[in-house]
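Everything on this sheet refers to the single structure shown next.
What you see is a predicted model, and the numbers here were worked out from it, not measured in a lab.
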Amino acid sequence: MEENMKLATVEDTVEYHLFLIPDEPRDPEKHKEILQKYIERIMTQFAPMLVPYIWQNQPFNLKYKPGKGDVPAHMFGMTKFGDNIEDEWFIVYVVKQITKEFPELVARIEDNDGEFLLIEAADFLPKWLDPDNSANRVFFHHGELCIIPVPRKPGAVSWLPSTPPTIPQALNIISTHPEEILASESIRAAVNRRIRGYPEKTQASLHRARCFLPAGIVAVLKQRPRLVAAGVQAFYLRDPTDLQACRVFKTFLPETRIMTLVTFTKCLYAQLVQQRFVPDRRSGYKMPPPSHPQYRAHELGMKLAHGFEILCSECSPHFSDSRKSFMTTSPLWAGFLESLKKNDYFEGLIEGSAQYQARLEMAKNYFQLSVNRPESSLAMSPGEEILTLLQTVPFDIEELKKEEANLPPEDDDQWLDLSPDQLDQLLQEAAGKTEAEPISKEEQNYDLSQVSESMKAFISKVSTHKGAELPRETSEAPITFDAESFLNYFDKILGPSPHESDSDDLAEEDFECLDSDDDLDLKTQETGEEASVKGTLNNLKSYMAQMDQELAHTSIGKSFTTQKQMEPLSQTTNNSDEEDSGAGGSVMTPVDIDLNLVSNILESYSSQAGLAGPASNLLQSMGVQLPDNTDHRPTTFRYPWSSKKQSPPPTHCQEIKFSVTAPLLASLIFLFQINTLIQKQTVTPW
């Protein structure tokens, strides 16, 4: 970690840093002692929620990290969460609560993706914030998310650096201007929505299932419930070399199996259930037929037993006895245990009772892994810990079999099967939208004008090489669409039409009304560039005129739905001489832009056959929800210029059945809008 703190480089790993503010010069030894006391206080205070938690790979932990360069000494932790993303967000909740309980602490958290908190709130970030300038700007303080802003102009705000701040600068800004750097309500709501429900949510993430396991594993899991994660991971990530140890079981014999209830996380349970595996015949793990009522329990137990056997086979038969100690002789243990009692960790249990001893063993394990972590060279592997427990913890198989008769019921695993409605609900929740009240079919009233209005709003949004902006909420004020300014803008590009004067003066504000990141400024072009651009535009104008002449001899104009004739024909004959001679002097009514747009959108939506597609994706991103298609006739997507009456149709005008991507559909709609707007200005399509 240098001046600008580097991203976590290990895959699926989250790093968290806790700094003490104000950042003042302190004696290194005294500062270390202060931070060590904070670690003890934090781990003790949050022990009730951290001790029983089953981690996928590594637990939440804190250790002292000395200062390096411009980064001051602080508390640091790193956790590999693996496939269970909930571990990462639980840590976010814990870190957030730490800064709430200890206002003098400032926290920073990141993973190998970088500022994943900003990724979660990506829809609400200010435009100036991007991965290039977000370093050392995102912190938790007083339990709230803070983002150090960038001044609009360098030096405009004396306390804001124009470049990404260093850690000391960031800590100074947070301590002196905490209100000014508070993240917006929408950003904080997006992050809070992701961690909503903790710590109660940790219980909802558990799944209890019956397993037919060897008695040794049952005894181990009673002492160390968290070791189920290591067993599942060993089986889930097995290789042919690991399975060689499972040809003949040496540690967990199948003859000692009994029925028990095992607590998994939902992630671990899914990993164990979803893998198909047939045990080696020599292993002795015979499976009942799939129709057997206890088949699932036998299958889960067999898989878990293979995982535990793999863990034990990886251990040296003569591992050091010094690593068997649970380090309760540490001088920190007495103070840690006393703090647990003060925080009512034992919940009034009688000292010496079975439940008290179980909680005490969990506390010892938590103390070893999170508070007084040994160096990696001295730390016990899961296999060594299992073998140590088997040697030190006595168990009676007959007593365990008696408990088998009084097992509580297991949890329902229907959550593994996700229905389309549940998936839609999850997507709605992920997008931060509240679920609407169910509406009966008789009360449904779909407004198709919303489709055309949303598309117009989409076209009027900013579009750059980075993508196009979408209207975020349907509740936004409607975006005004100035058709005159839009057409004047294209007249400026294409040049004047034949019936217009040669003057090409255009109000400057017509350019400013276009919401674009790249405003045109033709006045600043040099003479040579102007001539080149003018020549190109003249060629484009000539090309479009030729296209109009060719199209005038076809029936393509009939493929558009037109508006009803609102004016007498005599009022439009004055414009007929301006039409191309190929039109034959006939006058056609203006194209109904909205109706053509909606009909083509609906036809594309219908061709999706209820699946995800460009039309539904584009409309839903703008907050437009279409009803289910009840017309099951086969449909095709037809370009606006294709016609059924053409016999035989030209090659370029045939009906085309194909899958359209969202960008292509958006481009087609955009070009169609431009074309019909220009046609509307000249009264007739062709």
Any sub-3.5 Å donor-acceptor pair from [X]'s side-chain atoms to [Y]'s backbone N or O?
X	Y	result
Ser283	Arg247	no
Arg257	Pro254	yes
Arg238	Phe235	yes
Thr388	Ile386	no
Asp242	Asp239	yes
Lys96	Gly143	yes
Gln58	Lys80	yes
Ser205	Thr202	yes
Asp87	Trp55	no
Asn61	Pro59	yes

Next on the checklist: Under the ring-ring contact (aromatic ring centres under 6.0 Å, His included) test against Tyr16, which residue among Phe140, Phe116, Phe60, Phe90 passes?
Outcome noted: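 So the option named by the test is Phe60.
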
Can you confirm whether [X] sits close enough to [Y] that some side-chain heavy atom of one is under 4.5 Å from a side-chain heavy atom of the other?
X	Y	result
Cys246	Pro279	no
Ile109	Leu117	yes
His306	Glu309	no
Phe264	Val228	yes
Gln294	Pro288	no
Met49	Val94	yes
Gln271	Gln233	yes
Phe249	Pro214	no

Does atom [atom1] of [X] have more than 12 heavy-atom neighbours from other groups under 6.0 Å away?
X	atom1	value
Gln422	CD	yes
Lys37	NZ	no
Ile350	CD1	no
Arg208	CZ	yes

Measure across [X] and [Y] and return the closest heavy-atom pair with its distance rounded to 0.1 Å.
X	Y	value
Ile217	Ala305	CD1-CA, 3.7 Å
Ser381	Cys315	OG-SG, 4.0 Å
Val95	Ala107	CG1-CB, 3.3 Å
Ile54	Thr263	CD1-O, 3.7 Å

Checklist entry - How about Gln56 and Glu86: does a side-chain donor come under 3.5 Å of a side-chain acceptor? => result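 No, no side-chain donor-acceptor contact under 3.5 Å.
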
Inter-residue atom distance [X].[atom1] - [Y].[atom2], 0.5 Å rounding:
X	Y	atom1	atom2	answer
Phe102	Gln97	CZ	CD	11.5 Å
Ile310	Thr251	CD1	OG1	12.0 Å
Asp113	Leu118	CG	CG	12.0 Å

Checklist entry - Should the ring pair His74 and Phe76 be called parallel, tilted or perpendicular, given that the plane angle runs from 0 to 90° and is split at 30 and 60? => result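 Ring orientation of His74 relative to Phe76: perpendicular.
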
Checklist entry - Under the salt bridge (Lys or Arg N to Asp or Glu O under 4.0 Å) criterion, do Lys402 and Glu399 qualify, and how do the steps go? => result CA-CA 5 Å; Lys402 291 180 181 178; Glu399 289 294 328; 3.8 Å; yes

Checklist entry - Could you go step by step and tell me if Lys303 and Glu299 meet the salt bridge (Lys or Arg N to Asp or Glu O under 4.0 Å) rule? => result CA-CA 6 Å; Lys303 293 177 180 179; Glu299 184 186 33; 3.5 Å; yes

Checklist entry - Between Glu410 and Arg296, is there a salt bridge with N-O shorter than 4.0 Å? => result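 A salt bridge is absent here (no side-chain N lies under 4.0 Å from a carboxylate O).
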
Item to check | Geometric cation-pi criterion, Lys266 with Tyr269: 6.0 Å, 45° | outcome: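 The answer is no, since Lys266 fails at least one limit relative to Tyr269.
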
Item to check | salt bridge (Lys or Arg N to Asp or Glu O under 4.0 Å) between Arg108 and Glu115, intermediate numbers included | outcome: CA-CA 10 Å; Arg108 171 168 170 72; Glu115 300 288 354; 2.8 Å; yes

